[in-house]
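Structure, as structure tokens:
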Amino acid sequence: MALRTPSHARPASGQPPGAARRRIARTTPTRLRLLMIGLLLVSLAWGAVGAWAVSEHASAAQDVVSTSEPLSLSAQQMYRSLSDADVTATTAFLSGPYEPLAARQRYAADISQAAGDLSALKNAAPASSDPQLVASLSAVSTGLPVYTGDVAEAQTEYALGYLLTGGSFMQVASEQMHLTLLPAARTIYAQENAGLTAASARATGLPPIVVVLVLALLIAAVLYRAQRWLWRRTHRVVNYGLAGATALLLACTLWLVVAFAVARADLHQGAGHGSAPAETLAQAAIDTQQIRGDEVLNLISRSGDTTFVQDYAKVRGMLGPGPGTLLTGAIAASPSGAGAQSASAAASDVQPWYAVNDQIYKLDSQARYAAETSLVTGTGAGSSATGFGKVETDLSRAIAADQVIFHANATAGSSAFGGLEVAIIVAAVLMALGCVWGLSLRLAEYR
């Protein structure tokens with residue numbers, strides 16, 4: 001007798017086994033389970049991506065405030081200190097064998113400041129830093145003791161009455177400064193400033209935020225379609241689990257957009273009206289020191305070398321004021337306030353100082369060294385030292401004011417992300433739980 005296959009084990013007539021499995025998969029409970037798993041995974045994925053994006057932006061913004069900006073400032077200060085030390089030492093040398101106490105103290109303070117900034121920069125530079133940065137730091141580290149030794153020897157020789165020997169040592173020291181130390185310091189400053197720019201770009205970059213927003217929009221669309229499908233299937237208007245997940249998603253996304261917009265605006269404001277004009281003013285300060293240093297070196301050498309005059313004319317053209325010059329650009333970029341006022345004062349005070357420099361080089365061409373020395377080293381109202389001091393003070397005040405603006409805005413931008421990373425993680429977990437809870441209630445109705 002032939003055995004018969006039980007009816008429940010046989011597929012419907014003409015229906016392959018695969019079709020039966022697909023029919024089962026299309027049932028509402030199966031769809032609810034798949035929807036639950038999908039929403040659970042995408043909610044957690046959104047939380048992970050969102051937390052990563054916030055962490056990246058917050059870390060970059062904090063790096064701007066706590067690392068990149070201080071290092072850029074240290075590199076800027078080191079360059080200016082080295083340049084000022086050379087100007088101070090050479091000017092004091094011209095004053096006579098007995099160096100004025102104020103000049104000696106200023107020179108010592110400059111060297112101490114440069115050494116401190118160098119130490120901070122070396123400590124912050126990892127072994128894997130750019131080879132050019134490492135080489136420049138090494139050049140300053142090894143060259144600074146050589147320079148100070150030559151200056152000390154020049155002062156000793158001059159005090160003993162050996163004017164020519166002392167002058168030779170001073171020229172060697174100044175060459176060491178201008179050929180080795182200052183170029184290396186400029187490279188360091190350029191590298192650190194590039195690091196500050198890169199950190200600011202990471203903090204305000206759009207790609208990570210765009211990814212989070214696109215993912216949030218996709219999840220919101222899925223949640224909307226899921227709730228609409230449930231309403232049609234179950235005739236219940238609201239699924240509180242999915243509605244709560246949607247509300248959390250929208251709230252955190254709105255928070256993220258607002259925080260990023262605030263941080264981006266603050267950081268752009270700090271860069272455009274703080275670090276950018278401060279950098280321009282720092283270059284203007286370097287140029288004024290170069291003009292002052294050249295006139296002093298020209299007087300020490302008494303060689304009649306026309307390169308000093310040519311260099312003076314070139315630097316003066318870059319310094320300004322005038323269209324496309326450093327001073328005019330800094331005034332335009334600085335916000336109204338102390339920074340703009342001091343930059344404007346520098347643009348005004350530099351004109352009479354130029355007139356004194358013109359007179360100095362005219363006297364030099366006539367070999368009237370006594371009158372030239374008086375204008376270069378004198379402390380009267382019409383001397384180059386006095387004019388240089390006014391311009392330098394104006395620029396220092398303007399730089400300090402712009403740096404305050406940058407630091408305040410960068411700090412505000414860094415604080416804009418406070419608490420958001422944790423909020424996104426918590427919201428993502430609650431979203432996942434809300435989706436599971438809301439769909440579990442519907443699944444329970446089919447048991």
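For this chain, numbers begin at 1 and follow the sequence in order.
- Remark: side-chain polar atoms of S141 are not paired, donor with acceptor, to backbone N or O of L137 under 3.5 angstrom.
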Exercise for the section: List the steps, then state whether side chain to side chain contact (heavy atoms under 4.5 Å, CB included) holds for D117 with Y79. Expected result: CA-CA 9 Å; D117 290 329; Y79 189 103; over 6 Å; no

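- Summarising the geometry, atom CE belonging to M36 is positioned 3.5 Å from atom OG belonging to S440; distances are rounded to the nearest 0.5 Å.
- A heavy-atom distance below 4.5 Å is not found between the side chains of V151 and I111.
- Counting heavy atoms from C-beta on, the side chains of I188 and S136 come closer than 4.5 Å.
- The heavy-atom pair separating W255 from G419 by the smallest distance is CH2-O, 3.9 Å.
- Side-chain contact check for S81 and Q113: no donor-acceptor pair (N or O, by modelled atom type) lies under 3.5 Å.
- Annotation for L319 and D287: closest pair CD1-CB, 4.3 Å, computed over non-hydrogen atoms.
- Side-chain contact between L439 and L230: present, with at least one pair of heavy atoms (C-beta onward) separated by less than 4.5 Å.
- Environment of CZ in R104: crowded, with over 12 heavy atoms of neighbouring residues, nucleotides or ligands closer than 6.0 Å.
- The shortest non-hydrogen separation linking F260 to T204 is CZ-O, 3.6 Å.
- In this structure, S138 OG and L118 CG are separated by 9.5 Å, a value rounded to the nearest 0.5 Å.
- Between the side chain of Q289 and the backbone N or O of R80 there is at least one donor-acceptor pair closer than 3.5 Å.
- In this pair, Y147 and Y107 present their aromatic rings tilted. The plane angle is within the 30 to 60° band.
- Between the side chain of Y312 and the backbone N or O of Y354 there is at least one donor-acceptor pair closer than 3.5 Å.
- The shortest side-chain heavy-atom distance between Q290 and S83 does not fall under the 4.5 Å cut-off.
- Once rounded to the nearest 0.5 Å, the distance linking CD of E192 with CG of L71 reads 4.5 Å.
- Between L327 and A347 the shortest heavy-atom distance is CD1-CA, 3.9 Å.
- The closest side-chain heavy-atom distance from T91 to R292 is below 4.5 Å.
- The nearest pair of heavy atoms linking V350 to P321 is CG1-CD, 3.6 Å.
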Exercise for the section: Take E279 and Y189, measure what side chain to side chain contact (heavy atoms under 4.5 Å, CB included) needs, and give me the verdict at the end. Expected result: CA-CA 10 Å; E279 180 185 352; Y189 176 48; 3.2 Å; yes

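- Here the side chains of D110 and R106 are in contact, with some heavy-atom distance below 4.5 Å.
- Each of S344, S342, P277 was checked for a side chain to side chain contact (heavy atoms under 4.5 Å, CB included) with I331, and the lone residue meeting it is S344.
- Within the 3.5 Å criterion, the main-chain N or O of G324 finds no donor-acceptor partner in the side chain of T328.
- Within 6.0 Å of NE2 in H268 there are more than 12 heavy atoms belonging to other residues, nucleotides or ligands.
- With contacts defined as side-chain heavy-atom distances shorter than 4.5 Å, the pair L420/I424 qualifies.
- Checking S384 against E295 by side-chain atom types alone, a donor-acceptor pair falls below 3.5 Å.
- Judged by distance alone, with hydrogens and angles left aside, the side-chain atoms of S112 form no donor-acceptor pair with the main-chain N or O of A108 at under 3.5 Å.
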Exercise for the section: Could you walk me through whether L196 and V64 pass the side chain to side chain contact (heavy atoms under 4.5 Å, CB included) test, one step at a time? Expected result: CA-CA 6 Å; L196 174 60; V64 169; 3.9 Å; yes

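- Under a 4.0 Å N-O distance rule, the pair K314/D294 does not qualify as a salt bridge.
- Distance check, rounded to the nearest 0.5 Å: OG1 of T246 to CE of M431 gives 7.5 Å.
- For S414 (side chain) and A410 (main-chain N/O), no donor-acceptor pair under 3.5 Å exists by modelled atom type.
- Within the model, atoms CG of L39 and CG of L242 stand 6.5 Å from one another, a figure rounded to the nearest 0.5 Å.
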Practice task
Quick one: do L82 and L144 satisfy side chain to side chain contact (heavy atoms under 4.5 Å, CB included)? Show the steps, please.
Solution key: CA-CA 9 Å; L82 290 173; L144 187 57; 3.7 Å; yes

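- No donor-acceptor pair under 3.5 Å is formed between the side chain of S72 and the backbone N or O of S68.
- With hydrogens and angles ignored, the 3.5 Å screen pairs a side-chain donor or acceptor of S396 with a backbone N or O of E392.
- A distance of 7.0 Å separates CG in L441 from CG in N239, rounded to the nearest 0.5 Å.
- Within the 4.5 Å cutoff, no side-chain heavy atoms of R31 are placed close to those of L35.
- For A203 against A61, the heavy-atom pair with the smallest separation is CB-N, 3.6 Å.
- Remark: the backbone N or O of W353 is paired with a side-chain donor or acceptor of N357 at under 3.5 angstrom.
- A donor-acceptor pair under 3.5 Å is absent between the side-chain atoms of S43 and the main chain of L40, judged by distance alone.
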